[in-house]
Structure formats: structure tokens, C-alpha cells
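Hydrogens, waters and symmetry mates play no part in the numbers below; they use all other heavy atoms, side chains included.
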Amino acid sequence: MHRDEAEGEPERRAFTRPELEAFFDHADDQVLRVRGKGRKGWLPAFRDAALFKTTYAYGLRRNETRMLDLTDFGRNPEGREFGEYGTLMVRYGKAKKGSPPKRRSVLTVWKWTPGIIEEWASEVRPGMRHASGPALWPSERGLRIGPQRLDSRFAAYRDALGLDPALEFHSLRRSYITHLLEDGYDPLFVQLLLSPQHRVHDVQHEAGTDGDLCGGGGYLPPSITQVSGKFDAGATGADARLAA
């Protein structure tokens with residue numbers, strides 16, 4: 001079974017906030033370290049740092065991340081401060097067996113996200129060897145980064161920091177869900193944002209946080225008001241930022 005499909009495995013978990021900050025700081029440090037030596041390898045190091053942050057920023061799965069194109073971003077009329085990066089069209093969402101990939105639109109929720117993507121897409125990515133293609137994340141040897149590179153680079157950064165081996169690439173998605181809820185976003189809208197027709201099983205609160213939803217470490221229970229289909233894009237306020 002594909003690792004992305006096992007979203008509810010109890011041994012897998014989200015990052016704590018300090019762990020996530022340390023992970024992103026380490027990724028940034030690799031760019032500075034390689035660039036300081038005058039080596040061209042800082043370009044893929046920058047790509048990896050931006051890729052991990054983007055994965056977390058939109059709660060993406062591994063294949064959803066690697067299959068992104070430059071043209072998948074757009075404006076959100078209800079979030080003009082995000083500019084050209086107010087929405088993200090995920091074209092290769094997880095599909096049922098025998099069905100084509102599912103599509104969904106995810107709205108940007110954190111103010112720091114557009115700057116990360118803009119710097120990569122406009123200033124750094126053009127220096128990559130295969131930047132002429134549509135892929136947001138070209139590899140050093142091909143038009144699109146491969147899944148093994150994502151896993152190996154994630155594991156290398158995690159292990160260099162001595163973090164829990166239970167943390168995996170999919171932990172970035174788990175962290176996105178968990179942190180939105182801990183920041184006070186309505187659970188129903190987080191559920192709609194991630195999977196309108198399915199239950200959410202990735203939520204894990206840090207010990208010591210307000211765990212009313214999950215008892216301090218369990219999973220978000222299915223909503224009794226579950227709504228199928230696409231959330232009303234005409235809504236306003238914080239809810240409109242979460243689902244479309």
C-alpha cells in the first residue's frame with residue numbers, strides 16, 4: 001500500500017511546532033552552507049526548503065506536491081493580500097482505485113506563504129537546468145522532482161536534527177491540519193478544506209494544548225454536520241479563507 005494512503009497509522013504523527021521550526025531552519029541553513037562554499041548545489045537546496053514549506057502551507061500529500069505546476073496558483077478575491085498566490089489548484093489529489101486523480105482548490109491561509117513561492121518561482125527556479133518546463137519543482141536531472149528525492153531529503157534533514165523517526169513527509173500534512181485547529185479555525189471548515197466527502201483522520205494535538213477536539217492526542221471525530229461537495233465560494237470572513 002502506498003505510504004500516503006495510510007493517513008491514520010497511529011505510529012505516525014504531526015510535528016510539534018518547535019520541531020517544525022527546527023526542520024525549516026535546518027533546510028534554510030543548508031542553502032546558506034552550500035552557497036557559502038560557492039557550489040551550484042544551493043539551487044536544489046533552495047528548492048527543497050521551499051517545497052517543504054509549500055507542502056505544509058497547503059496540507060499537501062507527496063504526489064500532490066511533486067506534480068504542481070507554475071500555473072496552478074491564482075488569485076482569491078476574498079484574500080487580495082495574497083496577490084497571485086491566493087489559491088492553489090491541486091490537480092493530482094488522492095484517487096479511489098480505478099478513478100482519475102481528484103482535483104481540489106486550496107486557499108492560502110498564512111501570510112508568509114506567497115513570499116516563499118514568489119522568491120522560488122521568480123528568482124531562484126530560473127537558474128535550474130530544467131526550468132523551461134511547467135513543473136514548479138524541476139529536478140537536477142529531469143523536468144520534475146521524483147518521489148524518492150522527496151523522501152530521502154526529508155529523512156536526511158530529520159535525521160540530522162535527531163528528530164523522531166516516526167516523522168515522515170506526510171507529517172507536514174498532519175501538522176497543517178493540527179495547527180489550523182490549534183489556532184482556532186472551525187473544525188468543520190478544516191474538514192471541508194481537506195476532504196469534502198471524507199473524514200479527517202490526521203489531527204494530533206501537542207501535549208499540554210487545548211485538546212477538547214481530540215483529547216490531547218487522538219483523531220478528529222467525524223462531524224455530524226458533514227457537508228458533501230464544494231463549500232460556498234461566496235462566503236466571507238475567515239471561513240471563506242479555509243474552503244473553496
Side-chain angles (χ1 to χ4, degrees), residues 2-5 7 23-24 26-28 30-32 34-35 39-76 79 82-95 99-110 112-158 168-176 193-195 244:
H2 194 286
R3 194 182 309 180
D4 278 354
E5 296 176 355
E7 296 180 10
F23 185 86
F24 287 159
H26 181 75
D28 290 339
Q30 301 317 296
V31 181
L32 298 176
V34 177
R35 192 171 189 178
R39 294 163 52 187
K40 196 174 181 180
W42 73 270
L43 292 171
F46 195 110
R47 175 204 59 207
D48 295 341
L51 182 152
F52 290 138
K53 293 173 187 176
T54 301
T55 300
Y56 168 72
Y58 293 101
L60 303 177
R61 299 178 177 88
R62 181 177 61 174
N63 196 53
E64 293 173 349
T65 298
R66 63 177 293 268
M67 294 304 294
L68 291 179
D69 284 348
L70 290 167
T71 56
D72 289 336
F73 294 95
R75 288 182 170 272
N76 173 13
F82 299 124
E84 300 295 331
Y85 300 95
T87 65
L88 174 64
M89 174 57 68
V90 178
R91 295 175 294 107
Y92 286 86
K94 181 179 174 182
S99 300
K102 289 186 177 181
R103 294 191 175 207
R104 72 179 186 278
S105 178
V106 185
L107 303 189
T108 306
V109 295
W110 286 305
W112 54 264
T113 304
I116 297 292
I117 303 168
E118 172 67 25
E119 184 177 17
W120 161 250
S122 300
E123 300 179 26
V124 182
R125 182 186 175 280
M128 294 286 290
R129 179 180 179 184
H130 296 283
S132 59
L136 181 62
W137 316 112
S139 76
E140 300 92 311
R141 299 180 179 85
L143 298 178
R144 196 176 298 274
I145 193 169
Q148 290 186 342
R149 168 69 187 205
L150 297 184
D151 286 343
S152 64
R153 184 53 54 192
F154 180 94
Y157 288 1
R158 177 199 64 203
E168 57 177 355
F169 190 92
H170 197 75
S171 295
L172 295 168
R173 173 175 163 87
R174 294 188 179 98
S175 303
Y176 167 80
L193 172 65
L194 288 155
S195 188

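Using a 4.5 Å heavy-atom threshold, the side chains of Leu150 and Trp137 count as separate. Looking only at side-chain heavy atoms (C-beta outward), Thr55 and Phe154 stay at 4.5 Å or farther from each other. No side-chain heavy atom of Leu172 sits less than 4.5 Å from a side-chain heavy atom of Thr65. Residues Ile145 and Leu51 meet the side-chain proximity criterion, which asks for heavy atoms closer than 4.5 Å. Ser139 places a side-chain heavy atom less than 4.5 Å from the side chain of Arg47. Contact check for Arg91 versus Pro101: no side-chain heavy atoms found under the 4.5 Å cut-off. Looking only at side-chain heavy atoms (C-beta outward), Tyr58 and Val90 stay at 4.5 Å or farther from each other. The shortest distance between side-chain heavy atoms of Phe73 and Phe82 does not fall below 4.5 Å.
Between atom CZ of residue Arg75 and atom OG1 of residue Thr108 there is a gap of 12.0 Å, rounded to the nearest 0.5 Å. Separation of atoms CD (Glu123) and CD (Glu118) is listed at 7.0 Å; rounding is to 0.5 Å. Here CG of Leu43 is found 9.0 Å from CD of Glu140. Values are rounded to the nearest 0.5 Å.
Aromatic ring orientation, Phe52 versus Tyr157: perpendicular (interplanar angle above 60°, classes split at 30° and 60°). Relative ring orientation between Trp120 and Phe46 is described as parallel, the plane-to-plane angle staying below 30° on a 0-90° scale split at 30° and 60°.
Annotation: ring-ring contact (aromatic ring centres under 6.0 Å, His included) contacts of Tyr92 (sequence neighbours excluded): none. Legend: residues meeting salt bridge (charged side-chain N to carboxylate O under 4.0 Å, His left out) with Asp28, ordered by chain and number and at least two apart, are Lys53.
Panel note: side chain Ser152, backbone Arg149; a donor-acceptor pair is recorded below 3.5 Å. No side-chain donor-acceptor contact under 3.5 Å links Thr87 to the backbone of Asn76.
Between Met89 and Ser105 the shortest heavy-atom distance is CE-CB, 4.3 Å. Closest heavy-atom contact between Ala121 and Pro126: O-CD, 3.6 Å. Between Thr113 and Ala57 the shortest heavy-atom distance is OG1-CB, 3.6 Å.
Checking each of Arg174, Arg62, Arg158, Arg61 against Glu168 for a salt bridge (Lys or Arg N to Asp or Glu O under 4.0 Å) leaves exactly one that passes, namely Arg174. Among the candidates Lys102, Arg104, Arg173, the single residue satisfying the side-chain hydrogen bond (donor to acceptor under 3.5 Å, both in side chains) test with Glu64 is Arg104.
Of the charged side-chain nitrogens involved, at least one lies within less than 4.0 Å of a carboxylate oxygen, so that Asp69 and Arg144 count as a salt-bridged pair.
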Point to revise | Pair Arg125-Leu70, side-chain contact (heavy atoms from CB on, under 4.5 Å): steps then yes or no | key: CA-CA 11 Å; Arg125 182 186 175 280; Leu70 290 167; 3.5 Å; yes

